[in-house]
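Pasting in a structure now, in structure tokens, and then I'll have a few things to ask.
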Amino acid sequence: MFGLTHVYSPLDIEKSISTILQRTLSLENKTGITVECRMVEVAPSVTAHYTESYFREAIERSLATAVCMQLRLEKGNLLPPVIMAVPHENSVLDVKVSLKSIQMLTQVENLVCPFSLRAQISSPSSFVGMISSLQAAAAWMAAMEAPDIHLAIAIEAFQLLSGGNPKALPQNVPLFHIGGYFCKSLVKNSAWKSGPFGNVVRTVCAKLILGMFGPVPRPFRVSAASAIQKTREDGATGWRVHLTEHGVGLRLMYWSNRDGTLEFSNIGPKGEEFIYDMVEGCAASGGL
């Protein structure tokens, strides 16, 4: 379709598609929304690039499904960004749909077909644009495991970087690690998903990996009466930093590795100052 036969063979395409299909859910299964469209209008008209009617109808149905997600979002929440497989200059798509029918796992009151919806959907055309369109808080809320938490912190760090330098790139976010007990400690201390301490944990972690200290880190001592900093057998040194000053007095415990990367171990209240000594316990590692 796009004149790339000199770059990809049919076998290359077949393998790629098979891999994608094996690794991903259908949009209907992911959103719990199934639509039948009467009309879909997109500005700019990116769907016109799909000359095959089957592909064009599939893309229009996908965009209609994305628009219908607003029926399930709380007021003020943004629709997720949509990546198109065709080149376009606009970073936002204006999509208007008229539906013959819609099925949703969670029914919406007073919803009678046919009906129409309209929404603007972010449609970045580059990796930098994709990362810039994401919200760290939303990624944190949607987290299911350690790599998701890692992503939310990395997005927060990139947003901090790009706020001071519009030319900052995702690869400028330093490498860091999530320890094997970190997520469990978030759940235990009301910082998981919508927990009241989630935002402060994410922000402090992002500032630490960028060296933008707010609360000043202090060495994690081997005991309350000792002046010796706790050191792991691989040479990593233990640190702690205040997350909250009042109430439970949450602390963040982390390791600083010999290569300069940080490993977030766990959080805990002021009366439970403990750092998990897990040399091979990283649940997620990398940059952005």
Side-chain angles (χ1 to χ4, degrees), residues 25 29-32 69 72-81 105-106 131 133-160 173-210 212-215 217-218 220 236 238-256 261-288:
L25 293 172
N29 287 336
K30 185 68 175 178
T31 63
M69 287 181 66
R72 299 178 54 183
L73 293 175
E74 295 181 5
K75 187 175 181 180
N77 285 6
L78 297 176
L79 289 170
L105 293 179
T106 305
I131 295 299
S133 70
L134 298 177
Q135 293 181 311
W140 188 274
M141 284 283 292
M144 300 297 292
E145 51 190 352
D148 306 325
I149 291 293
H150 186 282
L151 174 63
I153 294 172
I155 293 173
E156 183 83 33
F158 178 64
Q159 290 173 344
L160 288 172
V173 175
L175 300 177
F176 67 99
H177 316 279
I178 300 295
Y181 195 80
F182 191 67
C183 289
K184 292 181 180 179
S185 72
L186 295 179
V187 174
K188 182 179 178 181
N189 294 282
S190 302
W192 182 252
K193 291 185 178 290
S194 59
F197 302 116
N199 287 338
V200 67
V201 173
R202 186 182 66 254
T203 301
V204 170
C205 287
K207 287 183 175 180
L208 284 170
I209 63 175
L210 296 175
M212 299 179 178
F213 301 139
R218 298 179 180 178
F220 192 97
W239 295 83
R240 63 185 178 90
V241 64
H242 285 263
L243 293 170
T244 62
E245 294 289 347
H246 306 291
V248 294
L250 277 182
R251 308 288 193 271
L252 165 67
M253 273 62 72
Y254 67 95
W255 297 99
S256 179
T261 61
L262 302 186
E263 177 187 328
F264 299 116
S265 174
N266 57 284
I267 68 171
K270 58 186 177 184
E272 182 192 292
E273 291 207 6
F274 179 82
I275 185 169
Y276 281 84
D277 187 0
M278 301 179 71
V279 178
E280 299 179 355
C282 288
S285 297
L288 185 53

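Index from 1, following the sequence. What you see is a predicted model, and the numbers here were worked out from it, not measured in a lab.
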Original post:
Any donor and acceptor pair, going by atom type alone, linking the side chain of Glu156 with main-chain N or O of Lys207 inside 3.5 Å?
Top reply: no
**OP:** Can you measure from CD1 (Ile131) to CG (Leu151) and round to the nearest 0.5 angstrom?
**Re:** 6.5 Å
Original post:
What residues form a side chain to side chain contact (heavy atoms under 4.5 Å, CB included) with Ser194, not counting sequence neighbours?
Top reply: Met141
**OP:** Please examine the side chains of Ile209 and Phe264, heavy atoms only from C-beta on, and report whether any two atoms are closer than 4.5 Å.
**Re:** yes
Original post:
If every non-hydrogen atom of Trp140 is compared with every non-hydrogen atom of Ala152, which pair is closest and at what distance?
Top reply: N-CB, 3.6 Å
Original post:
CD1/Ile267 to OG1/Thr244 distance, rounded to the nearest 0.5 angstrom?
Top reply: 9.0 Å
Original post:
What distance do Met69 atom CE and Lys30 atom NZ have between them, rounded to the nearest 0.5 Å?
Top reply: 9.0 Å
Original post:
Checking side-chain contact (heavy atoms from CB on, under 4.5 Å) against Ser185, which of Asn266, Leu250, Val201 comes through?
Top reply: Asn266
Subject >> Under 3.5 Å: donor-acceptor pair, side chain of Trp255, backbone of Tyr276 >> reply: yes
**OP:** Kindly compute the distance separating CZ (Arg240) from CE (Met253), expressed to the nearest 0.5 Å.
**Re:** 9.0 Å
Original post:
Considering all heavy atoms of both residues, which atom of Ser265 and which atom of Ile275 are nearest to each other, and what is their separation?
Top reply: OG-CG1, 3.7 Å
Original post:
Roughly how far, to the nearest 0.5 Å, is the CZ atom of Phe182 from the NE2 atom of His150?
Top reply: 11.0 Å
Original post:
Do the side chains of Leu134 and Pro81 get nearer than 4.5 Å, heavy atoms only?
Top reply: yes
Original post:
Between Arg251 (side chain) and Gly249 (backbone), is there a donor-acceptor pair under 3.5 Å?
Top reply: yes
Subject >> Those residues that, when tested against Lys193, pass salt bridge (Lys or Arg N to Asp or Glu O under 4.0 Å) (two or more places apart) >> reply: none
Original post:
How far does OH of Tyr181 sit from CG of Leu186, to the nearest 0.5 angstrom?
Top reply: 10.5 Å
Subject >> Contact check, side chains of Asn189 and Pro269, non-hydrogen atoms, under 4.5 Å >> reply: yes
Subject >> Ile149 and Trp192, any side-chain heavy atoms less than 4.5 Å apart >> reply: yes
Subject >> Nearest atoms (heavy-atom pairs only) where Asn199 meets Ala137 >> reply: OD1-CB, 4.4 Å
**OP:** For Ala206 and Leu160, work out which heavy atoms get closest and say how close.
**Re:** CB-CD1, 3.9 Å
**OP:** Please report the shortest heavy-atom distance between Leu208 and Pro217, naming the atom on each side.
**Re:** CD2-CG, 3.8 Å
**OP:** Report yes if the side chains of Ile153 and Phe176 come closer than 4.5 Å at any heavy-atom pair, otherwise no.
**Re:** yes
Subject >> Minimum heavy-atom distance Ala146-Ala283, with the two atoms named >> reply: CB-CB, 3.4 Å
